[in-house]
Amino acid sequence: MFKTLLLFICFAAAVKVKALCPNGSVPWHTDCYFFQHNNTAIFPDADSACIDLGGHLASVHNAFTNAFLTKNVPNMFHGSSVSDFWIGYTNVMNWKDWTWMDGSNSDYTDWAPGQQSNFTNGNCAAVRLIDGSWKADDCFKRKPYVCKVKKSFYDVTTTTTMPPTTTTTKKFPTCPWPFIYFEPTHSCYGVGNWTNSVNWTQAEQYCQAFGAHSASIHSIEELNFIGCRFSKNESFRDIISSFSAPMWNR
């Protein structure tokens, strides 16, 4: 009969789970904002603290984001006596150009009148609570600050092990020499090697020596198999089958 070979294939799928902004931050578009009003810091220390959170001091690229910061500051800095807070804009790296600490493009500003060229007072930008405009100030003043961290920083990649896939294949038996396997009958067939003719009894005894019997034929497919596989010069009385079956008396 057939032997069955089972192949078990296991695999693990990596799934990226979109995370929400953590507690204590405020989401806005693709970023999480941390309003740090209890821990005032000088500009470089503030940016270092933001790096520890996974980001930088906030960069601002349009009026909507600037309005978002200005709107949330009164709630987040409630009861604070400060009048402004650090964002990540500075010209310390190049006094001719103001750049963002996170390396993003400088494509928007909201300077208060006369502030952009106010290099004598400072080289770091702060947002004024009164109206949301920016001013240049001494980088070594201690101020509250706002950090910006990409939401993607909090994405979690999990590995999910999938159930094994079972593949079933047929493994056919191997017939010993001098037999050939025929799948429809699950049997092995061979031809006796004689130089002279033998009678039916001698042929059957020869087959039994292999644990077989003289072949019985029950279908045209079986007959065609025998006719194609074995020499046409050999008679059916010389054909043996390895499986016990009703003897075919001719």
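Basis for what follows: all heavy atoms, side chains included, without hydrogens, waters or symmetry-related copies.
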Quick one: side chains of residues 39-46, donor-acceptor pairs under 3.5 Å with protein atoms, not counting sequence neighbours, listed by atom name and distance.
none

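- Side-chain contact of Thr65 with Tyr108: a donor-acceptor pair under 3.5 Å is absent, judged by distance alone.
- Counting heavy atoms from C-beta outward, Thr99 and Asn91 have side chains that stay 4.5 Å or more apart.
- Put simply, SG on Cys50 and CH2 on Trp86 are 12.5 Å apart, with the number rounded to the nearest 0.5 Å.
- Counted by atom type alone, Asp102 and Ser59 present one or more donor-acceptor pairs between their side chains at under 3.5 Å.
- Using a 4.5 Å cut-off between side-chain heavy atoms of Ile, Leu, Val, Met, Phe, Trp and Tyr, with links allowed through other members, Met101 and Val146 fall into different hydrophobic clusters.
- Looking only at side-chain heavy atoms (C-beta outward), Cys124 and Tyr89 stay at 4.5 Å or farther from each other.
- Under 4.0 Å is where a charged nitrogen must lie from a carboxylate oxygen, and between Asp131 and Arg128 at least one such pair does.
- Side-chain N or O atoms of Thr90 include one that pairs as donor or acceptor with a backbone N or O of Val92 at under 3.5 Å.
- Here the side chains of Leu129 and Val73 are in contact, with some heavy-atom distance below 4.5 Å.
- Atoms CG and OG, on Asn66 and Ser133 in that order, are 8.5 Å from each other to the nearest 0.5 Å.
- With contacts defined as side-chain heavy-atom distances shorter than 4.5 Å, the pair Phe153/Cys32 does not qualify.
- Proximity of a side-chain donor or acceptor of His61 to a complementary backbone N or O of Asn105 within less than 3.5 Å is detected.
- Here the shortest heavy-atom pairing between Tyr145 and Ala49 reads OH-CB, 3.4 Å.
- A donor and an acceptor atom, one from each side chain of Asn123 and Trp98, are nowhere located under 3.5 Å apart.
- Closest approach of Ala58 to Ile87, counting heavy atoms only: O-CB, 3.5 Å.
- For the pair Leu57 and Asp47, the minimum side-chain heavy-atom distance is below 4.5 Å.
- In this structure, the side chains of Val60 and Trp134 come closer than 4.5 Å at one or more pairs of heavy atoms.
- Every residue two or more places apart in sequence or in another chain was checked for a side chain to side chain donor-acceptor pair (under 3.5 Å) with Ser83, and none qualifies.
- Salt bridge status for Lys151 with Asp31: absent, with no side-chain N to carboxylate O gap under 4.0 Å.
- In the hydrophobic cluster analysis, where Ile, Leu, Val, Met, Phe, Trp and Tyr join through side-chain heavy atoms closer than 4.5 angstrom, Trp100 is grouped together with Leu69.
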* To do: Would you please test Val26 and Phe35 for side-chain contact (heavy atoms from CB on, under 4.5 Å) and show each step?
  => CA-CA 8 Å; Val26 180; Phe35 293 81; 3.9 Å; yes

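- Annotation: the span from His29 atom NE2 to Phe64 atom CZ amounts to 8.5 Å, rounded to 0.5 Å.
- Of all non-hydrogen atoms in Cys147 and Leu53, the two that sit nearest each other are SG-CD1, 4.0 Å.
- Under the rule for a ring-ring contact (aromatic ring centres under 6.0 Å, His included), the partners of Phe68 that lie at least two apart in sequence or sit in another chain are Trp28, Tyr33.
- Shortest non-hydrogen contact noted between Gly24 and Phe34 is O-CD2, 4.1 Å.
- Contact annotation: the side chain of Gln36 never approaches that of Lys143 to less than 4.5 Å [non-hydrogen atoms, C-beta and beyond].
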